[in-house]
Amino acid sequence: MAKITYYLIRERRLGKAQEDGYFLYDNGEWIADERNVILDHLMGFDPSDDSFYGFGNAQIMDEMEEITEDKAKRYMQ
């Protein structure tokens, strides 16, 4: 069984990472995270940072927390 990691973004948006990519839960289904919401949060990417780097912002990283599968299932209901 493949490992799946669930995330809660900004205390309201559900995401997951699994072997074949990153996904967001939207309207009752998992959709591909084409806008890199999860990766941006994992790397602390701040789109408002004018510097060349714009990564490593702890505040952005803190907007997302890893959660258990049980907690993710409660958000899916």
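If you read the sequence from its start, that first residue is 1, and numbering goes on from there.
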Spacing of [atom1] belonging to [X] relative to [atom2] belonging to [Y], to within rounding of 0.5 Å:
{"X": "Gln77", "Y": "Arg74", "atom1": "CD", "atom2": "CZ", "value": "8.5 Å"}
{"X": "Glu63", "Y": "Asn57", "atom1": "CD", "atom2": "CG", "value": "8.0 Å"}
{"X": "Met64", "Y": "Arg13", "atom1": "CE", "atom2": "CZ", "value": "12.0 Å"}
{"X": "Ile9", "Y": "Leu14", "atom1": "CD1", "atom2": "CG", "value": "8.0 Å"}
{"X": "Ile38", "Y": "Asp33", "atom1": "CD1", "atom2": "CG", "value": "4.5 Å"}
{"X": "Glu66", "Y": "Leu8", "atom1": "CD", "atom2": "CG", "value": "12.0 Å"}

**Request:** Take Asn27 and Glu29, measure what side-chain hydrogen bond (donor to acceptor under 3.5 Å, both in side chains) needs, and give me the verdict at the end.
**Result:** CA-CA 6 Å; Asn27 292 320; Glu29 63 182 357; over 6 Å; no
Which heavy-atom pair separates [X] from [Y] by the least distance, and what is that distance?
{"X": "Ile60", "Y": "Phe45", "result": "CG2-O, 3.5 Å"}
{"X": "Val37", "Y": "His41", "result": "O-ND1, 2.9 Å"}
{"X": "Tyr75", "Y": "Glu11", "result": "OH-O, 4.3 Å"}
{"X": "Tyr6", "Y": "Lys16", "result": "CD2-CB, 3.8 Å"}
{"X": "Tyr7", "Y": "Ala17", "result": "CE1-CB, 3.9 Å"}

**Prompt:** Honestly curious: do Ile4 and Ile67 fall in one hydrophobic cluster under the side-chain, below-4.5 Å linking rule?
**Reply:** yes
**Item:** Same apolar cluster: Met76 and Leu24, side chain cutoff 4.5 Å
**Value:** no
